[in-house]
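Following: one structure in structure tokens, then a few remarks.
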Amino acid sequence: DAKTTQPTSMDCAEGRAANLPCNHSTISGNEYVYWYRQIHSQGPQYIIHGLKNNETNEMASLIITEDRKSSTLILPHATLRDTAVYYCIVRPLIYNQGGKLIFGQGTELSVKP
Amino acid sequence: NAGVTQTPKFQVLKTGQSMTLQCAQDMNHNSMYWYRQDPGMGLRLIYYSASEGTTDKGEVPNGYNVSRLNKREFSLRLESAAPSQTSVYFCASRVDRVDEKLFFGSGTQLSVL
């Protein structure tokens, strides 16, 4: 699976958009980009995933560059409850296979009042 | 619907003792995973099971064994606990279909003295 690079930490003002970058320059054509977050002392939570088109759901938006070498997770109106560690992962989507998912260090996002 | 249930939530062991961490999911998922998380670090994969009856090593399997007892249950065993195994352990499960979200349990805090 392709490796990812994320900033160690970021700050964001409450109510503003939080833009979390992820570099995955060695991504392969069949690899998806996944985002998870982990609020302190809890298990990680799935946020969103995508292949090459931009994606949006009730939690966030995912913007993937045209060359797919990087992506940005956008929390449009960050709240204090969005303070967490955010993990970017890339891996292939293989139907009916259970391959391993490896989490890196992630970005620690602090949303401040 | 309980999702992924881990027991116990907390455990203290002495060096050399053995114990089994239990994990069960009620979502009919094929794949199950065990991760550990040390302070200030991301999640590291210990073992995973792509389907009932199969298990494979992850990034940090040494000192652990696993059993996929049936489709619902995936246990992690420490035969001779060491202080280096002090960590928070997370179990997760996933459906092997187009939707590849990982669902995590709430974790087991293990201390080895």
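Chain letters run A, B, ... following the sequence lines, proteins first, then strands; residues in each count from 1.
Residues Gln37(B) and Gln38(A) form a side-chain contact, since some pair of their non-hydrogen atoms from C-beta on lies under 4.5 Å apart.
Distance alone, capped at 3.5 Å, is enough to place a donor-acceptor pair between the Tyr36(A) side chain and the Leu102(B) backbone.
Few gaps surround CZ on Arg77(B); more than 12 heavy atoms of other groups in view lie less than 6.0 Å from it.
Here the straight-line distance linking atom CD1 of Ile47(A) with atom NZ of Lys101(B) works out to 12.0 Å at 0.5 Å rounding.
Under the 4.5 Å side-chain heavy-atom criterion for ILVMFWY residues, a single connected hydrophobic cluster contains both Val112(B) and Leu76(B). Hydrophobic clustering (ILVMFWY, side-chain heavy atoms < 4.5 Å, transitive): Val66(B) and Phe90(B) are in distinct clusters. Linking Ile, Leu, Val, Met, Phe, Trp and Tyr whenever their side-chain heavy atoms come within less than 4.5 Å puts Tyr46(A) and Tyr32(A) in one cluster. If you chain together hydrophobic residues whose side chains sit under 4.5 Å apart, Met19(B) and Phe10(B) never meet in one group.
In terms of non-hydrogen atom pairs under 4.5 Å with chain A, the most contact-rich of Thr54(B), Val88(B), Leu43(B), Val4(B) is Leu43(B).
For the residue pair Phe104(B) and Pro44(A), the shortest heavy atom distance occurs at CD1-O, 3.3 Å.
For Glu108(A), no part sits under 4.5 Å from any heavy atom of chain B, backbone or side chain.
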